[in-house]
Amino acid sequence: MTVAAKFEIEYLQYLDADGKAVSELPKAFKDPKVLLPLFKQMLYVRTFDTKAIALQRTGKLGTYAACLGHEATHVGIGASMKPEDVFAPSYREYGAQFMRGVLPREVLMYWGGDERGNDFQGPKNDYPWCVPISTQCLMASGAALSFKLRKQDRIAVACCGDGGSSKTDFYAALNSAGAYKLPLVLCVINNGWAISVPRKSQTGAQTLAQKGLAGGLHCLQVDGNDLIAVLEAMRRATERARTGEGGSVIEFMTYRLHDHTTADDARRYRGEDEVKAAWTREPMLRLRKYLEKAKAWDAKQEEAWLEECGRKVDVEINAYLETKVQPVEAMFDYLYGELPAELAAQREQAIAWEKRNG
Amino acid sequence: MTVAAKFEIEYLQYLDADGKAVSELPKAFKDPKVLLPLFKQMLYVRTFDTKAIALQRTGKLGTYAACLGHEATHVGIGASMKPEDVFAPSYREYGAQFMRGVLPREVLMYWGGDERGNDFQGPKNDYPWCVPISTQCLMASGAALSFKLRKQDRIAVACCGDGGSSKTDFYAALNSAGAYKLPLVLCVINNGWAISVPRKSQTGAQTLAQKGLAGGLHCLQVDGNDLIAVLEAMRRATERARTGEGGSVIEFMTYRLHDHTTADDARRYRGEDEVKAAWTREPMLRLRKYLEKAKAWDAKQEEAWLEECGRKVDVEINAYLETKVQPVEAMFDYLYGELPAELAAQREQAIAWEKRNG
Amino acid sequence: MAEQKTSAPAPITLIEAITQAMAYEMRNDDSVVVLGEDVGVNGGVFRATAGLQQAFGDERVLDTPLDETTIAGLTVGMASQGMKPVAEAQFDGFMYPMVDFIVCHAARMRYRTRGRLTCPMVLRVPWGGGIRAPEHHSEANESIFTNVPGLRVVMPSSPARAYGLLLAAIRDPDPVIFMEPKRIYRQYKELVPDDGEALPLDVCYVLRDGTDLTLVTWGAQVKETLEAADALAKDGISAEVIDVATLTPLDFDTIAESVAKTGRCVIVHEAAKTAGFGAEIAARLAEECMYDLVAPVERVTGYDTHIPLFRLEMKYLPSVDKIVAAAKRALAHS
Amino acid sequence: MAEQKTSAPAPITLIEAITQAMAYEMRNDDSVVVLGEDVGVNGGVFRATAGLQQAFGDERVLDTPLDETTIAGLTVGMASQGMKPVAEAQFDGFMYPMVDFIVCHAARMRYRTRGRLTCPMVLRVPWGGGIRAPEHHSEANESIFTNVPGLRVVMPSSPARAYGLLLAAIRDPDPVIFMEPKRIYRQYKELVPDDGEALPLDVCYVLRDGTDLTLVTWGAQVKETLEAADALAKDGISAEVIDVATLTPLDFDTIAESVAKTGRCVIVHEAAKTAGFGAEIAARLAEECMYDLVAPVERVTGYDTHIPLFRLEMKYLPSVDKIVAAAKRALAHS
Ligand SMILES: Cc1ncc(C[n+]2csc(CCOP(=O)(O)OP(=O)(O)O)c2C)c(N)n1
Ligand SMILES: Cc1ncc(C[n+]2csc(CCOP(=O)(O)OP(=O)(O)O)c2C)c(N)n1
Ligand SMILES: [Mg+2]
Ligand SMILES: [Mg+2]
């Protein structure tokens with residue numbers, strides 16, 4: 001038999017669900033000093049998430065997409081990027097975004113129905129949340145192309161879900177990244193579900209990582225609940241991107257512990273047992289055990305930190321709640337660089353109507 | 001290192017460019033009696049192609065997409081299907097279509113600017129030529145899904161080019177075929193060029209066959225100028241499809257010996273040397289040598305057959321040239337099952353205008 | 001649900017009428033299948049397909065991979081091979097990747113093959129704003145299909161019309177884009193007998209007779225338009241209200257007849273004004289009814305901007321007040 | 001070609017003017033890149049990019065993989081990161097897969113981010129029928145974008161306007177859909193100084209003054225419309241001819257002013273009639289110019305069918321005779 005091509009896709013895991021090392025830890029991520037701030041960030045994100053859900057439940061926020069269970073993947077991705085890189089999230093990677101300077105109040109503003117949430121004061125070139133699934137991946141490929149053409153030392157990182165890996169835009173992203181050898185990292189965050197559709201219904205492929213082979217990209221599958229595996233996978237992929245070796249597809253295996261969004265009721269389509277089992281593998285647990293064993297963290301520290309997190313998040317929530325609604329003309333003011341005459345007339349009409357009837 | 005997945009893609013070739021067997025021939029395709037009618041068909045197709053190009057050059061046909069050099073792949077694919085299967089061509093697989101009963105006059109009618117060319121009198125369920133690249137692949141996946149749902153023992157076969165394998169619709173086809181385990185064979189006919197864009201610019205993937213891995217499909221790369229390899233690849237893929245093992249992606253390596261279409265001038269973008277070299281590997285040559293060596297064919301037979309081909313094709317050409325243009329109301333008559341009142345009024349208007357001014 | 005055929009009839013909502021129509025036709029015709037994201041065990045994010053997979057099995061009700069191109073392509077593939085697929089786009093804003101297959105294949109299958117292959121499919125699209133939903137969940141994009149020959153664009157505005165028009169759409173031998181005004185999915189209930197009676201396509205519905213002016217609208221705005229007619233009635237103004245319901249092919253005769261009587265026309269729609277479908281109706285009036293008109297045509301529409309996120313969206317949408325104001329402008333002419 | 005800047009000026013065709021505009025702006029602005037299928041060494045299937053890759057290199061002129069979704073997505077990605085991509089869809093009929101990115105991202109980038117990110121891109125689309133091309137190579141689909149806020153839809157009809165409008169489109173800070181009437185790509189030549197002077201967007205062009213009626217059109221039909229005006233002149237009828245050129249945002253004032261003078265309007269376009277962009281112009285007339293009109297508005301358009309394959313296509317398209325007939329119908333009213 002003549003072989004046209006041969007492939008092997010690696011799986012990365014360092015800490016098992018109990019926080020025990022299952023293989024030699026990468027040097028860069030051995031030191032608790034490196035991991036601790038990220039663990040704290042994960043706790044911060046979870047605090048935010050919990051409070052955001054509560055806000056929605058009390059009518060103070062619109063539909064909200066929780067990130068419960070994704071914290072290691074999200075924070076790990078955010079930690080692996082440089083400020084000048086560009087991040088293209090889907091709609092729940094707050095952990096990555098906070099590391100890049102997106103403000104919790106911005107997250108809330110967006111889900112609270114206000115476009116100003118997308119006007120990040122931090123990472124000015126990052127993409128906003130992206131509702132049309134996986135289009136952010138292809139946009140990120142375009143961003144990466146612009147870096148390459150202008151010889152900028154920047155990379156683009158995009159996230160999508162297991163469901164999102166079925167989207168043609170995802171394929172277009174990996175195809176173009178391969179064709180132009182672009183500095184792009186495509187992070188497929190496989191949390192088992194796309195709303196009610198389980199991973200197995202999305203594709204006949206054995207792994208989602210292998211989709212990268214279709215474009216000749218570097219492929220990797222990792223335990224997305226293991227922060228160290230996430231960091232190591234991202235280290236490899238970002239290094240490849242920065243050194244001209246091209247794009248990667250990384251599949252992060254995690255689990256969506258919450259409903260799809262606050263508008264969803266997952267009990268309709270998935271069993272309690274599965275969720276219960278997933279809680280034993282969630283990302284905080286193992287990292288906490290690992291850090292505690294290394295004497296880098298303890299219950300008291302956690303209590304204090306969580307309290308601080310609560311205070312910090314509350315400040316953000318208050319800032320959000322105090323934001324006044326935009327005036328009616330805001331509909332027109334960001335439509336074109338310069339408002340065409342036709343639109344200017346409509347703008348005046350809208351203002352006049354509001355004055356009279358608003 | 002933990003391995004998440006491992007793949008190997010086979011390459012099939014039986015006859016080299018000189019007609020010498022490079023490996024043990026598959027039993028089913030050893031006998032010249034099986035190969036001879038197909039070789040004759042290839043000669044017929046080439047005769048048709050040559051005459052169609054000439055028709056275009058003399059202003060008797062619109063833009064025409066030649067199939068020069070693709071004959072083994074096209075005829076081999078057509079020979080591997082059953083009448084009740086569904087074929088979804090791109091726009092140059094006349095060799096496959098003739099085997100299924102499409103008439104040369106229909107091909108000419110289509111490229112001659114007449115929709116009636118798509119009204120195949122032979123294979124009633126086959127798709128017409130498809131201009132929007134690779135959409136036929138996804139449509140074929142839908143056809144295959146309909147066979148599966150209705151438990152019909154039929155398969156769908158779609159063709160696209162190397163360029164077409166970059167199209168998101170191609171990815172959607174393989175993704176859905178994998179997700180539903182559909183009886184679908186995706187034939188990627190890699191002729192080296194997509195108009196002026198060479199294969200290497202389309203993708204970073206080492207083979208086009210491996211794209212199937214993205215959907216968990218069976219993948220195979222074959223010498224598309226070797227009829228025996230084409231037949232064997234199709235035998236494997238169609239058998240898988242018929243026995244519920246799901247879809248395949250087969251990459252047929254061949255070469256576009258003509259311009260992209262009669263509207264193209266390939267000298268603008270590719271070298272003479274490459275084309276010259278390709279002529280030494282073209283599909284007729286090796287099969288003729290093989291059959292001659294097996295005493296199944298000789299120059300005299302070929303001469304007689306080509307003469308017959310010429311006569312047969314001329315009959316078709318005459319039938320095409322004699323076809324009267326459709327009346328103006330033909331624009332309306334196939335738009336809806338029943339013409340809505342609004343449209344009926346326009347139809348009358350059109351007829352009246354023609355009568356007065358036409 | 002699919003089994004409830006014989007239970008005592010109870011009033012149902014618009015979305016329940018949609019479910020009822022699908023269930024009826026799935027019982028009636030084996031070749032009808034439903035497909036889309038989350039339409040299976042989850043019953044659709046709006047519950048339009050609730051109970052269908054349980055009743056008909058997962059070979060009649062298919063969850064698809066998450067890709068709208070895929071949904072459109074599979075749908076056209078199935079339809080062209082003799083099935084009658086009813087596909088769902090989860091929200092209006094996710095329908096754009098389907099445009100290629102709809103325009104290039106669904107709308108042309110019959111035309112291109114001179115009737116050899118056809119495309120009897122329905123694409124259901126929850127449509128429009130006003131439900132405080134996230135971005136891309138509130139778009140009024142019906143106009144994207146109205147210039148495409150070979151399609152039908154249909155939009156019901158009551159439970160009964162939803163039932164009858166969806167049955168008609170599924171039975172129609174050609175592709176139908178069936179847009180569902182999600183804001184009024186559960187606005188009110190009415191008795192909709194599950195009798196399998198389809199309504200005609202290509203017909204506008206006169207919802208209220210009147211003599212002073214004609215209000216023309218479709219979809220969720222039927223609600224505000226009827227309310228505006230009520231408000232006008234209090235001022236002694238008699239407004240005729242027409243629900244276009246089947247946008248294309250358009251039944252312009254019903255509109256023309258009304259305007260011949262009233263001499264005034266206000267067109268109300270949620271989509272942006274410029275080149276919204278209201279333009280076509282106004283154009284027809286300008287071509288064919290100029291001598292009937294005693295006042296300029298008025299359009300009450302969304303502004304020529306994107307529908308804003310939900311804190312501002314109600315200021316974007318047509319409102320009862322805006323319709324009344326336009327009607328009064330029209331009435332000021334004589 | 002890109003080097004010919006200083007050579008003696010010679011008259012050029014519309015498509016040469018397009019090449020000239022791209023070359024000018026690529027010299028002028030480093031951030032301008034050209035991308036599409038076959039735009040590189042092949043210079044585009046219509047030769048619009050002929051010589052550009054040779055002049056500017058393959059990092060300024062990029063062949064893309066064969067996927068229109070990819071082209072649209074890469075374009076939006078580049079534009080939102082500060083480049084000025086000029087993308088080509090090879091033919092009108094291949095533009096539909098781009099709709100999602102155009103509508104969901106290009107048109108909303110600025111709006112969604114409150115101006116933080118923008119999308120200064122141009123999508124060039126060879127447009128329209130009448131060149132005896134194969135299927136999907138002859139479509140007039142401008143209306144698909146005219147109801148989408150945040151875009152500009154532009155269509156030149158002469159070499160000089162092609163040059164000036166394309167420069168304006170590339171320099172514009174927002175996304176522009178630039179549709180090129182391929183039938184008149186090489187219709188005639190005119191002197192187009194390569195001076196980098198852009199024309200204003202959002203302006204209609206009065207090509208011929210007249211007093212008896214107004215003919216409004218755009219794209220390739222400008223040719224037939226001007227010929228119709230000539231024919232009418234022979235009968236002593238003075239027709240004003242307006243090339244809309246920038247469909248959205250629309251400069252309606254120019255049209256209204258003309259109709260105020262002439263009282264009659266015939267709108268000519270190649271796309272199917274129903275919900276074609278002509279409807280918007282007729283609608284505006286019905287809203288704003290009713291008291292100026294002395295005759296019903298007329299539309300001369302393609303039928304509400306797909307453009308047929310080429311043996312029949314000329315019977316589908318508006319013709320001089322059809323325009324003259326409509327004008328005479330309008331003139332029969334007084
Ligand atoms: C184009 C498009 N289609 C459908 C949706 C509706 N939708 C929102 S999220 C979602 C599932 C996404 O699943 P996955 O990609 O696995 O990401 P996850 O939500 O699990 O993180 C769907 C179908 C959408 N937002 N965009
Ligand atoms: C969607 C779409 N985009 C562009 C084209 C124009 N076009 C026609 S054939 C072709 C190249 C196709 O190359 P390939 O897929 O390799 O097939 P081949 O012609 O070589 O058989 C292109 C770009 C098209 N027909 N459809
Ligand atoms: Mg998921
Ligand atoms: Mg090719």
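Here is the naming used below: chain letters follow the sequence lines, and residue numbers restart at 1 for every chain.
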Can you tell me how far [atom2] of [Y] sits from [atom1] of [X], rounded to the nearest 0.5 angstrom?
| X | Y | atom1 | atom2 | answer |
| --- | --- | --- | --- | --- |
| A:Y11 | B:M1 | OH | CE | 13.5 Å |
| A:D169 | B:Y171 | CG | OH | 13.0 Å |
| A:D223 | B:T2 | CG | OG1 | 11.0 Å |

**OP:** Kindly indicate whether the side chain of B:K211, heavy atoms from C-beta on, has any atom under 4.5 Å from the side chain of A:N175.
**Re:**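 In contact.
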
Subject >> Any B:F7 side-chain heavy atom under 4.5 Å of A:K6 side chain >> reply: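 A side-chain contact is absent here, since even the closest heavy-atom pair is not under 4.5 Å.
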
Report the option among [options] that has the most heavy-atom pairs separated by less than 4.5 Å from atoms of chain B.
| options | result |
| --- | --- |
| A:S23, A:S166, A:G247, A:A172 | A:S166 |
| A:A214, A:G178, A:G216, A:S176 | A:A214 |
| A:E251, A:K181, A:Q202 | A:Q202 |
| A:Q210, A:K167, A:K200, A:Q13 | A:Q210 |

Subject >> Leading residue by heavy atom contact count with chain A [cutoff under 4.5 Å; candidates B:S165, B:C219, B:G215] >> reply: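 Of the options given, most contacts go to B:G215.
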
Original post:
Which residue out of B:L208, B:T207, B:L213 racks up the most heavy-atom pairs below 4.5 Å with chain A?
Top reply: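 Ranked by contacts with chain A, first place is B:L213.
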
Original post:
Shortest non-hydrogen contact from A:A179 to B:S201?
Top reply: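 Closest approach of A:A179 to B:S201, heavy atoms only: CB-O, 3.7 Å.
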
**OP:** Would you name the heavy atoms of A:Q206 and B:A4 that are closest together and state the gap between them?
**Re:**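 Result for this residue pair: NE2-O, 3.8 Å.
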
Subject >> Proximal component of B:E10, with respect to chain A [non-hydrogen, under 4.5 Å] >> reply: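 For B:E10, the contact with chain A is made by backbone and side chain together.
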
Original post:
Side chain, backbone, both or neither: which part of A:T203 has a non-hydrogen atom closer than 4.5 Å to chain B?
Top reply: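 It is both, since atoms from each part get that close.
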
